[in-house]
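Note: hydrogens, waters and symmetry copies are ignored here, and every other heavy atom, side chains too, is used. Positions are given from 1 along the sequence. Because the structure is predicted, anything quoted here is derived from the model rather than measured.
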Amino acid sequence: MTDTTQEGAPSQALSFELKCTDGRARRGKVTVTHGSFETPAFMPVGTRGTVKGMTPRDLRETGAEICLGNTYHLNIAPGGKIVKKLGGLHGMMGWDAPILTDSGGFQVFSLPKLEIEEEGVTFAFKKGGKAIQLTPERSMQIQEALGADIIMAFDHVVAHPAPYHLAEEAVYRTSRWLERCRKAHTRTDQALFGIVQGSTFPNLRRLSVELICSQDLPGYAIGGLSVGEGHQLMMDTIDQTEPFMPAEKPRYLMGVGYPEDLVEAVARGVDMFDCVLPSRLARSGIIFTRHGRYRVTKGRYKADKFPLDTNCNCYACRNFSRAYVNHLINSKEILGSVLATLHNITFYQDLMRAMRQAIEEGRFESFRRAFLDEYLSDDRKEELDLEEVLGVSENEGDDLPWKTTHSVVPPTAVEENRRRSRRDAEVSAPEERMKEHKRASKGGARKGSKGNAKGQGKARRASSGRSQKPSKSSTSGKPGASKSGGKSGGPSSKSSKSSKFSKSSKSGSGKPK
C-alpha cells in the first residue's frame, strides 16, 4: 500500500484527497458544496429526483453518501424552472448530501429518429412527437437550474459495436462540445466533469483522454461503456484509458454495473460508479447477496422464514422474511419493492465500504479474489475469464476476508433495535443467525433414521433457499440483458451452476440459491 495524500487542482466546487493506494486501487475522499463522500463510491440513481421506492432517510441508512439525477427526464418533468423554484434538487428532494446529474446525452442518443448535428441533437418527444433540441449550452442551463454539486458535460455517445469513423467523429465532437459546456457553465459552486469517449478502440481512447483532460477540470468520466460490449471488453477498455487520466482527479465510470464489474474496475483505479441495477432488479424480486443473486419471487421461497440475506443488517433483513417479500412482490404490493430495493442498495454500499477498508489495510487483492470466488458461479467465472485473477483460492465460506458488519448500522444500534422489537427471536445479528442455522443443521444430521434424514434434508433445502427439483426456468430466472451491467438493466442469464453456493453452503446456513 502506498500513501499518496495529495489535493487536486484548486476548485471552489470540488476537492479530491487521494488518501492511499493498493496496487492500482485507490482510496480517497471527494468534497463538494453539499458535503463529502468516500471513494470508491457507488451512487444510487434517482432518475426523476428519487430513487424509486426509497425516502431520503432510507437512502441514508443504506450508507449512500451521494445520489444521481437525470437531466433529460427532469427537464421533461417537472422542468428545470420548477425545480429551481423548489430550491433545486436538494430542496425538492429533501436530500442535503451531494448530488450528481448526468448531461442527458446517454438518454438522448438512445432515442429513435435522432438527428445529430454540430449544434446539438434533435429528437422527437415521445409524448406528442414535438421536436426538441438539446445542445451543450442547453444541457448546462438545465443542470445549473437543477443545482447538483457535480454536473456532466454533454457528450456524443455511440452504440456498440461502432464503426471506427463514427467513433472517431464522436471523440472530436465530444471535445468541441466540452469547450462549449465550459463557456456556458457559470455557477462556481458546481463541478463540471468531462467525459472520455472512443468506443473500444485503444488509440481513440488515448486520443480522447488527451483532448478531454487537456481542459483542466475537477474530474473526469469514462463514458461510452456498459452499452453491450461485455465484461472483458469493458475491462480492456478501462485498461486502455485509466492509466492516462490525471491521478490527482477523481475518475468516474458511468453506468456500471454488476458487483463483479465494480470490483474489477476498482482494481483498475476507478473511484466512482452509478447504475440502476440494484433498484431496477429489486422491483422484479432479484436479491443481491454475498453468495450471488437470486429471485425471491420463486415458489421455493413462499414459506421461507429466513431473511433476504443472512449476512445483512439492513432494516429489511432485520425484520422480514423471504416468504413475506415473496408474498408482497407477487401480490404487487409496493412494500415488496421497497424492502428489496433497500436491501440491494445496502448490499452495494457495504461492498464499497468493504473495498475501501481492504485498500486502507493493503489487502485489496486478497479481498478481490475472495469476493469473486464466493459471489460468482463456476460458469460465470469461466465466462469472465477470471482464472488468472482468482488463482487457487484457499478461502471457504464464512472465512472470507470481508466483514459483514453493516456500514451504517453499528452493533449497538442492532442491539437496540432487537430490544425494541416485539419479534426478538426473529431479529438477530447475521453472525447469530448463521450459528443458529448451523446448529440446527448439525442436530438434524445426528438423528440418523432414514425418515428423519429425509425430513432434515428437506428442511435444510428450505432454509438455504434450495428446491428439491429445480424447474427448467430456475436455471436463470432473470430477464435477458447485457452482462456488462448498465443503464438498460436486467441481470445476465446463468446456467444452473450459477445458482449454486460455495462448498460451505452444505452447512445449511440459510444462503439463497
**Student:** Using a cut-off of 6.0 Å, state whether more than 12 heavy atoms not belonging to L166 lie near its atom CG.
**Tutor:**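 Yes.
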**Student:** With a 4.5 Å limit on heavy-atom distance, are the side chains of V209 and E242 in contact?
**Tutor:**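 In short, these two side chains do not touch, never coming nearer than 4.5 Å.
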**Student:** For R283, give me all partners under salt bridge (Lys or Arg N to Asp or Glu O under 4.0 Å), at least two apart in sequence or on another chain.
**Tutor:**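 Listed in chain order: nothing, the list is empty.
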**Student:** Enter the distance from E118:CD to T135:OG1 here, rounded to the nearest 0.5 Å.
**Tutor:**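 It comes to 11.5 Å.
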**Student:** Provide the closest heavy-atom pair for I212 versus S175 in the form atom of the first, atom of the second, distance.
**Tutor:**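 Taking every non-hydrogen atom into account, CD1-CA, 3.9 Å.
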**Student:** Heavy atoms only: give me the nearest S199-A167 pair and the separation to one decimal.
**Tutor:**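 Nearest pair, atom of S199 first, then A167: CB-CB, 3.9 Å.
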**Student:** Taking the side chain as C-beta and beyond, is there a heavy-atom pair between I329 and V296 under 4.5 Å?
**Tutor:**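 Counting from C-beta outward, I329 and V296 do come under 4.5 Å.
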**Student:** Give, for atom CE of M254 and atom CG of L100, the distance between the pair rounded to the nearest 0.5 Å.
**Tutor:**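 Separation between the atoms: 7.5 Å.
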**Student:** State whether the number of non-hydrogen atoms from other residues, nucleotides or ligands found under 6.0 Å of Y315 atom OH is greater than 12.
**Tutor:**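 Atom OH in Y315 is not packed in, count stays at 12 or less.
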**Student:** Show your reasoning for whether side chain to side chain donor-acceptor pair (under 3.5 Å) applies to E144 and T186.
**Tutor:** CA-CA 8 Å; E144 289 195 355; T186 62; 2.9 Å; yes
**Student:** Is the shortest side-chain heavy-atom distance between T39 and F16 below 4.5 Å?
**Tutor:**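 When only atoms from C-beta onward are counted, F16 and T39 do touch, with a gap below 4.5 Å.
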**Student:** Are R380 and E260 ion-paired here, with the side-chain N under 4.0 Å from a carboxylate O?
**Tutor:**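 E260 and R380: salt-bridged.
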**Student:** Over 60° means perpendicular and under 30° means parallel, so tell me whether H343 and F347 are parallel, tilted or perpendicular.
**Tutor:**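 H343 and F347: tilted rings.
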**Student:** A side-chain contact here means heavy atoms from C-beta on lying under 4.5 Å apart; do R138 and N75 qualify?
**Tutor:**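 Yes, their side chains come closer than 4.5 Å.
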**Student:** Going by atom types only, do D236 and Q240 share a side-chain donor-acceptor pair under 3.5 Å?
**Tutor:**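 Their side chains do not contain a donor-acceptor pair, so the 3.5 Å distance test is not met.
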**Student:** Quick one: do K19 and E38 make a salt bridge, cutoff under 4.0 Å?
**Tutor:**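 So K19 pairs with E38 through a salt bridge.
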**Student:** Among R356, K249, K29, R26, find the one that has a salt bridge (Lys or Arg N to Asp or Glu O under 4.0 Å) with D271.
**Tutor:**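 With D271 as partner, salt bridge (Lys or Arg N to Asp or Glu O under 4.0 Å) holds for just one option, R26.
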**Student:** Using a distance-only test with no angle check, is there a side-chain donor-acceptor pair under 3.5 angstrom linking D149 and Q190?
**Tutor:**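 Distance-only check fails for D149 and Q190.
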**Student:** With a 4.5 Å limit on heavy-atom distance, are the side chains of D274 and D102 in contact?
**Tutor:**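 No - every pair of side-chain heavy atoms lies 4.5 Å or more apart.
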**Student:** Over all heavy atoms of both residues, which pair between F364 and A25 is shortest? Give the atoms and the distance, please.
**Tutor:**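 Shortest heavy-atom contact: CD2-CB, 3.9 Å.
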**Student:** Could you tell me whether the side chain of I359 reaches within less than 4.5 Å of the side chain of V266, counting heavy atoms only?
**Tutor:**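 They are in side-chain contact.
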**Student:** Is D309 reaching over with its side chain to a backbone N or O of N311, donor-acceptor style, under 3.5 angstrom?
**Tutor:**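 Between the backbone of N311 and the side chain of D309 there is a qualifying donor-acceptor contact (under 3.5 Å).
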**Student:** Under the side-chain hydrogen bond (donor to acceptor under 3.5 Å, both in side chains) rule, collect the residues that match up with T55, sequence neighbours excluded.
**Tutor:**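 Per chain and number, T55 pairs via side-chain hydrogen bond (donor to acceptor under 3.5 Å, both in side chains) with D58.
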**Student:** Salt bridge (Lys or Arg N to Asp or Glu O under 4.0 Å) with R27: which of E361, E360, E17?
**Tutor:**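 Among E361, E360, E17, the one that satisfies the salt bridge (Lys or Arg N to Asp or Glu O under 4.0 Å) with R27 is E360.
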**Student:** Between R176 and E179, is the closest basic N to carboxylate O distance under 4.0 Å?
**Tutor:**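 No.
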**Student:** Are F273 and F42 an aromatic pair, judged by ring center distance below 6.0 Å?
**Tutor:**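 Here the rings of F273 and F42 have centres that are no less than 6.0 Å from each other.
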**Student:** Is the cationic atom of R182 (NZ for Lys, CZ for Arg) positioned less than 6.0 Å from the six-membered ring centroid of W177 and within 45 degrees of its normal?
**Tutor:**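 No, R182 does not lie over the aromatic ring of W177.
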**Student:** Should E65 and R60 count as an ion pair when the cut-off is N to O under 4.0 Å?
**Tutor:**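 Salt bridge: no.
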**Student:** Taking only residues two or more places apart in sequence or in another chain, which ones pass side-chain hydrogen bond (donor to acceptor under 3.5 Å, both in side chains) with E168?
**Tutor:**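 side-chain hydrogen bond (donor to acceptor under 3.5 Å, both in side chains) list for E168, sorted by chain: empty.
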**Student:** Can you tell me if R368 uses its side chain to pair, donor with acceptor, with the backbone of V263 under 3.5 Å?
**Tutor:**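 Not confirmed, R368 side chain does not pair with V263 backbone.
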**Student:** Quick one: does L339's side chain get under 4.5 Å of F320's, heavy atoms only?
**Tutor:**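 Yes. Closest side-chain heavy atoms under 4.5 Å.
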**Student:** If only side-chain N and O atoms count, and only distance matters, is there a donor-acceptor pair under 3.5 Å linking S139 with Q143?
**Tutor:**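 Yes - a donor-acceptor pair under 3.5 Å links their side chains.
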**Student:** Grab the two heavy atoms, one from I238 and one from A265, that are nearest each other, plus how far apart they are.
**Tutor:**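 So the minimum-distance heavy-atom pair works out to CD1-CB, 4.1 Å.
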**Student:** Can you check whether R187's main-chain N or O pairs, donor with acceptor, with H185's side chain at less than 3.5 Å?
**Tutor:**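 Looks like yes, one N/O pair under 3.5 Å.
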**Student:** Indicate yes or no: at least one non-hydrogen side-chain atom of L308 is less than 4.5 angstrom from one of N344.
**Tutor:**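 When only atoms from C-beta onward are counted, N344 and L308 do not touch, as no gap falls below 4.5 Å.
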**Student:** Within the side chain of S279, is there an N or O that forms a donor-acceptor pair under 3.5 Å with the backbone of K52?
**Tutor:**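 Such a contact is absent between S279 side chain and K52 backbone.
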**Student:** Specify the closest pair of heavy atoms between P136 and E119, including all atoms of both residues, with the distance to one decimal.
**Tutor:**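 In terms of heavy atoms, the two residues are closest at CD-O, 3.7 Å.
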**Student:** Whether the D96 and H34 side chains hold a donor-acceptor pair (N or O, under 3.5 Å, no angle test) is what I'd like checked.
**Tutor:**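 No, H34 and D96 have no side-chain donor paired with an acceptor closer than 3.5 Å.
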**Student:** Is the Lys NZ or Arg CZ of R206 less than 6.0 Å from the centre of F244's six-membered ring, within 45° of the axis?
**Tutor:**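 Checked: cation-pi criterion met.
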**Student:** In plain terms, say whether R268 and D239 are close enough for a salt bridge, that is, a side-chain N and a carboxylate O under 4.0 Å apart.
**Tutor:**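 Yes, this pair counts.
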**Student:** So, do Y258 and F288 have ring centers that fall under 6.0 Å from each other?
**Tutor:**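 Not under 6.0 Å, so no.
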**Student:** Taking all heavy atoms of M245 and all of T241, pick out the closest pair and write down the distance.
**Tutor:**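 Result for this residue pair: CG-O, 3.6 Å.
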